[in-house]
**Student:** 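Would you mind keeping the following structure in view while I ask a few things?
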There are 2 protein chains.
Amino acid sequence: MQVVALKSSPFSPIHQAPDEQARPAPFAGEPMGVRMHFDRDEEIFGEDEPAQYVYRVLSGAVRTTRMLSDGRRQIVEFHVPGDVFGLDGETRHALGAEAVGDTVLQVVRRSAFMSGGIDGGDTAVQALLKKFHRAQAHMLLLGRHTACERVAAFLLDFQNRSAGSTVDLPMSRQDIADYLGLTIETVSRTFTQLQAADLIDLESCRRVILRNVAALQRICE
Amino acid sequence: MQVVALKSSPFSPIHQAPDEQARPAPFAGEPMGVRMHFDRDEEIFGEDEPAQYVYRVLSGAVRTTRMLSDGRRQIVEFHVPGDVFGLDGETRHALGAEAVGDTVLQVVRRSAFMSGGIDGGDTAVQALLKKFHRAQAHMLLLGRHTACERVAAFLLDFQNRSAGSTVDLPMSRQDIADYLGLTIETVSRTFTQLQAADLIDLESCRRVILRNVAALQRICE
DNA sequence: CGCCCTATTGATCAGCCTCAATGAGAGTGG
DNA sequence: CCACTCTCATTGAGGCTGATCAATAGGGCG
């Protein structure tokens with residue numbers, strides 16, 4: 001239901017009410033744009049929809065995806081707090097975007113972002129350069145890495161984007177599989193193998209402790 | 001030897017002499033920047049080198065690559081006449097770039113490109129958006145497509161970038177394999193299969209005639 | 001406590017890779 | 001002009017990684 005409202009206008013009151021003052025702004029200054037909340041698996045925008053807005057994650061996580069008609073899905077990127085997304089495509093979104101878990105976003109008009117960026121974030125060109133850079137690394141991963149290398153790189157990437165040796169994964173195994181171009185079974189098996197080799201510890205299926213970061217890095221080369 | 005000269009200064013006379021007036025500018029107006037020639041397999045810039053210049057292909061073709069220490073290579077993109085490249089990375093190149101065949105480039109300083117683009121080409125943001133879009137499509141290809149789908153998509157892509165049903169491939173099978181995340185043998189076998197199915201005709205190994213575009217598109221979904 | 005959804009584990013299979021040999025084409029030198 | 005060579009492409013045989021199909025286990029929530 002929120003999705004429908006979003007498509008017509010993300011500035012609809014229904015979206016800002018829940019947590020407008022519930023969480024403090026995670027960056028200095030008065031934020032521009034509007035804050036919006038999304039539930040788990042709720043669509044933020046769909047493929048081919050007009051690209052009117054640019055988003056910045058305040059809390060939670062977002063996946064941007066591309067689907068094939070037969071159901072195969074590629075997750076292009078996970079976006080965590082601080083990340084900007086919605087820049088795919090020039091006038092229409094080339095990707096779909098969904099909330100991975102409960103997520104709060106900051107929304108600005110695309111035109112405003114292009115001229116000034118988002119408070120506390122990058123300018124349009126900086127943001128695009130970073131995304132392009134990450135996209136290149138992801139291509140290398142998908143094109144030329146083994147399952148084990150992909151999972152190790154994924155864990156190290158998430159560790160860098162959080163902090164410490166404990167990694168809390170906001171997404172399901174299916175999401176990880178669709179991000180790494182693998183099946184859920186292969187991802188699960190690889191986690192188990194890494195645990196057996198004492199490289200990681202699975203405290204729960206969403207909480208991973210990196211026991212041997214150097215060895216994980218060696219796997220990725 | 002030209003490479004060495006390039007690294008110190010692409011405005012060295014050695015680079016512009018050969019074809020400064022040999023080929024007319026393929027777009028209206030006096031081109032900005034300097035024209036440079038590269039031989040087959042000659043390096044244009046290497047990974048991690050300072051990113052001082054932005055390039056536009058005038059003739060020939062360029063591949064941008066990422067290497068792993070064990071020799072595995074991913075070709076991120078092929079650039080044909082009209083394409084801009086060299087925007088990878090913010091201050092240093094994240095990719096290497098090499099000429100696929102004899103190639104003529106137009107070179108401008110990065111700062112000049114960022115403020116004004118290249119004559120007859122896109123602005124910085126437009127160019128980045130297009131590249132990001134293509135990168136997404138390539139990720140889907142690498143992550144979720146079969147060998148047959150990858151080769152079909154590759155041929156259709158090159159047909160769109162040239163014209164007519166005859167596709168002249170400037171690159172070797174090894175280049176195609178490294179672009180599609182396959183081996184040279186699998187690429188070759190797939191070409192043979194497509195020919196056996198009357199979808200393509202291999203006039204020579206570099207010249208492909210698309211006999212059934214609709215069927216090729218159906219393969220890619 | 002029981003249900004449902006997700007994750008894990010097992011067994012088998014297929015697609016692609018690897019290794020190896022042959023074939024075709026371009027360039028070189030006699 | 002032709003033989004030679006070198007490189008690249010094609011084809012074949014067999015193995016391995018990861019996919020598929022199937023069953024079990026765990027975990028959150030009513």
Side-chain angles (χ1 to χ4, degrees), chain A residues 39-41 63 68 70-75 100-102 141-155 167-197 200-208 219, chain B residues 39-41 63 68 70-75 100-102 141-155 167-197 200-208 219:
Chain A
D39 293 329
R40 189 167 81 93
D41 292 330
R63 56 177 180 255
L68 290 179
D70 62 359
R72 285 179 289 183
R73 183 179 71 158
Q74 177 68 48
I75 292 181
V100 169
D102 273 21
L141 203 73
L142 293 172
R144 288 294 178 210
H145 283 265
T146 64
C148 190
E149 290 166 348
R150 294 182 203 199
V151 171
F154 172 77
L155 289 172
V167 180
D168 281 299
L169 302 172
M171 76 290 287
S172 68
R173 289 287 185 273
Q174 185 63 62
D175 281 344
I176 297 173
D178 287 343
Y179 180 67
L180 298 178
L182 300 169
T183 60
I184 182 175
E185 294 95 331
T186 299
V187 171
S188 186
R189 269 185 257 272
T190 307
F191 271 116
T192 305
Q193 284 169 24
L194 291 175
Q195 188 174 32
I200 65 171
D201 203 16
L202 285 167
E203 198 173 296
S204 77
C205 70
R206 294 283 181 111
R207 170 166 290 212
V208 185
I219 289 176
Chain B
D39 292 330
R40 190 168 80 92
D41 293 330
R63 55 176 181 256
L68 289 179
D70 62 359
R72 284 178 290 182
R73 183 178 72 157
Q74 176 68 47
I75 293 182
V100 170
D102 273 22
L141 204 73
L142 294 172
R144 289 291 177 213
H145 283 265
T146 64
C148 189
E149 291 166 346
R150 293 183 204 199
V151 171
F154 171 77
L155 289 173
V167 181
D168 280 299
L169 302 172
M171 76 291 286
S172 68
R173 291 286 185 274
Q174 185 63 61
D175 281 344
I176 298 173
D178 287 343
Y179 179 67
L180 298 179
L182 300 169
T183 59
I184 181 176
E185 294 94 333
T186 299
V187 171
S188 187
R189 269 185 258 269
T190 307
F191 271 115
T192 305
Q193 284 169 24
L194 291 175
Q195 188 174 31
I200 65 171
D201 203 16
L202 284 168
E203 198 173 296
S204 79
C205 69
R206 295 282 181 110
R207 169 165 292 209
V208 185
I219 288 176

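Here is how names work: the chains are called A, B, and so on, in the same order as the sequence lines, proteins then strands, and each is numbered from 1.
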**Student:** Using a strict threshold of under 4.0 Å (side-chain N to carboxylate O), is an ion pair present between B:R144 and A:D70?
**Tutor:** no

**Student:** If I take atom NE2 in residue B:H145 and atom C1' in nucleotide D:dA19, what distance separates them, rounded to the nearest angstrom?
**Tutor:** 17 Å

**Student:** Using a cut-off of 4.0 Å on non-hydrogen atoms, how would the nucleic acid contact of B:S172 be classed: base, sugar-phosphate, or nothing?
**Tutor:** sugar-phosphate

**Student:** Any donor-acceptor pair under 3.5 Å joining the side chain of A:R189 to the base of D:dT20?
**Tutor:** yes

**Student:** Return whichever of A:R144 or A:M171 has its heavy-atom-nearest nucleotide of DNA chain C closer to the 5' end.
**Tutor:** A:M171

**Student:** Can you tell me the distance, in whole Å, between the CZ atom of B:F191 and the P atom of C:dA24?
**Tutor:** 19 Å

**Student:** Let's see if you can work this out: which of C:dA7, C:dT18, D:dT10 has an atom nearest to the side-chain heavy atoms of A:I184?
**Tutor:** C:dA7

**Student:** Starting from C1' on D:dT10, measure out to CD1 on B:I176 and report it in whole angstrom.
**Tutor:** 14 Å

**Student:** Assign B:T146 to base, sugar-phosphate, or nothing according to its heavy-atom contacts below 4.0 angstrom with the strands shown.
**Tutor:** sugar-phosphate

**Student:** Name the closest nucleotide to the A:L202 side chain, picking from C:dT8, D:dT10, D:dG18.
**Tutor:** C:dT8

**Student:** Is a side-chain N or O of A:T190 found less than 3.5 angstrom from the main chain of A:T186, in a donor-acceptor match?
**Tutor:** yes

**Student:** Can you tell me how far P of D:dA9 sits from CG of B:L182, to the nearest Å?
**Tutor:** 15 Å

**Student:** Looking at A:R206 and D:dG27, is any side-chain donor or acceptor paired with a base atom of the opposite kind under 3.5 Å?
**Tutor:** no

**Student:** Atom CD of B:Q193 and atom C1' of D:dG12: how far apart are they, to the nearest Å?
**Tutor:** 14 Å

**Student:** When you measure from the side chain of A:Q74 to the backbone of A:Y179, do you find a donor-acceptor pair of N or O atoms at a distance under 3.5 Å?
**Tutor:** yes

**Student:** OP1, OP2 of C:dT8 versus side-chain N and O of A:S188: anything below 4.0 Å?
**Tutor:** yes

**Student:** Under 4.0 Å between any heavy atoms, over every strand shown, what does A:S204 touch: base, sugar-phosphate, or nothing? Just pick one.
**Tutor:** nothing

**Student:** Please tell me if A:T186 has a side-chain N or O lying less than 4.0 Å from either OP1 or OP2 of D:dA19.
**Tutor:** yes

**Student:** Roughly how many Å is it from CZ in A:R150 to P in D:dA19, rounded to a whole number?
**Tutor:** 8 Å

**Student:** Thinking salt bridges, do A:D175 and A:R63 make one under a 4.0 Å N-O criterion?
**Tutor:** yes

**Student:** Check step by step if salt bridge (charged side-chain N to carboxylate O under 4.0 Å, His left out) holds for B:D178 and B:R173.
**Tutor:** CA-CA 9 Å; B:D178 287 343; B:R173 291 286 185 274; over 6 Å; no

**Student:** Could you give the CG-to-P distance, from A:L141 to D:dG18, as a whole number of Å?
**Tutor:** 12 Å

**Student:** Look at the side chain of A:E185 and the base of D:dC21, then say whether one donor and one acceptor between them are separated by less than 3.5 Å.
**Tutor:** yes

**Student:** Without decimals, in angstroms, what is the distance between B:Q174 CD and D:dT10 C1'?
**Tutor:** 14 Å

